[in-house]
Amino acid sequence: AETIRKHGRSLVHFHGNDDNERGPGTGGADYRQIKKALEDVGYSGYASIEVFKFDQDPRAVARGALDFLRQLFAMR
């Protein structure tokens, strides 16, 4: 969240993953704070899911991460 706030004016796109190198919502990254930081800098661009560990079914990873992000960003 700090990095997003610090460099938010230069932010063109956002790649989401978690601290376990899997999809967002599967590890310990605080996505509520990340969401807040993106909102604070007025980010309205695209977000993509960037995974580095491929030990799970890619479709399941994508589906889980997308569901997590949809729920998170629907929250007010």
Side-chain angles (χ1 to χ4, degrees):
E2 282 182 44
T3 302
I4 292 168
R5 286 189 182 91
K6 182 176 179 181
H7 301 287
R9 293 177 26 213
S10 303
L11 190 61
V12 205
H13 58 272
F14 175 77
H15 294 264
N17 61 17
D18 220 305
D19 61 355
N20 61 4
E21 299 183 340
R22 292 188 169 93
T26 62
D30 188 346
Y31 266 87
R32 287 180 188 235
Q33 287 299 315
I34 292 168
K35 173 192 180 229
K36 175 93 172 79
L38 290 168
E39 291 170 343
D40 289 349
V41 300
Y43 182 71
S44 62
Y46 290 100
S48 64
I49 298 164
E50 184 175 34
V51 177
F52 296 103
K53 284 196 177 172
F54 299 99
D55 56 346
Q56 298 173 328
D57 174 50
R59 287 184 181 104
V61 171
R63 194 174 309 113
L66 186 57
D67 288 347
F68 171 78
L69 292 174
R70 281 183 173 152
Q71 277 186 329
L72 177 72
F73 282 90
M75 294 171 55
R76 293 287 162 197

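The chain is numbered in sequence order, starting from 1.
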Novice: Would you compute the distance between atom NZ of Lys35 and atom CD of Glu39 and round it to the nearest 0.5 angstrom?
Specialist: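 Rounded to the nearest 0.5 Å, the NZ-CD separation comes to 4.0 Å.
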Novice: How about Leu69 and Ile49: do any of their side-chain heavy atoms sit closer than 4.5 Å?
Specialist: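 The answer is yes; the side chains approach within 4.5 Å.
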Novice: So Arg32 and Leu72, do their side chains get closer than 4.5 Å, heavy atoms only?
Specialist: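 The answer is yes, as the side chains (C-beta and beyond) meet within the 4.5 Å cut-off.
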Novice: Begin with the C-alpha distance, continue with both residues' side-chain angles, and end with the deciding distance and a verdict on side chain to side chain contact (heavy atoms under 4.5 Å, CB included) for Phe14 and Glu50.
Specialist: CA-CA 9 Å; Phe14 175 77; Glu50 184 175 34; over 6 Å; no
Novice: By side chain to side chain donor-acceptor pair (under 3.5 Å), which residues pair with Arg63, not counting sequence neighbours?
Specialist: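 Arg63: no side chain to side chain donor-acceptor pair (under 3.5 Å) contacts found.
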Novice: Indicate the atoms forming the closest heavy-atom contact of Ala1 with Ala37, along with that distance.
Specialist: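 It is O-CB, 3.6 Å.
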Novice: Once rounded to the nearest 0.5 Å, what's the spacing between atom CZ of Phe73 and atom CG of Leu38?
Specialist: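 It is 5.0 Å, given to the nearest 0.5 Å.
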Novice: Hey, could you give me the CD/NE2 distance between Glu2 and His7, rounded to the nearest 0.5 Å?
Specialist: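 Interatomic distance, Glu2 CD to His7 NE2, rounded to 0.5 Å: 10.5 Å.
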Novice: Would you compute the distance between atom OG1 of Thr26 and atom CD of Glu21 and round it to the nearest 0.5 angstrom?
Specialist: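 Spacing of OG1 (Thr26) from CD (Glu21) equals 10.5 Å.
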Novice: Work out which heavy atom in Ala65 is nearest to a heavy atom in Gly23; give both atom names and the distance.
Specialist: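 Scanning both residues completely, I find the closest heavy atoms to be CB-CA, 4.3 Å.
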Novice: Return the minimal non-hydrogen interatomic distance between Arg22 and Val51, and the atom names on each side.
Specialist: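 Taking Arg22 first and Val51 second, the nearest heavy atoms are CA-CG1, 4.0 Å.
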Novice: How about Tyr46: does its OH atom have over 12 heavy atoms from other parts shown lying under 6.0 Å from it?
Specialist: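 Atom OH in Tyr46 is not crowded, with 12 or fewer foreign heavy atoms closer than 6.0 Å.
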Novice: Please check if atom CZ in Arg5 has more than 12 non-hydrogen atoms from other residues, nucleotides or ligands closer than 6.0 Å.
Specialist: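 Result for CZ/Arg5: enclosed.
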Novice: Examine distances only and state if a side-chain atom of Asp19 and a backbone atom of Gly28 form a donor-acceptor pair shorter than 3.5 Å.
Specialist: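 Side chain of Asp19 to backbone of Gly28: a pair is present.
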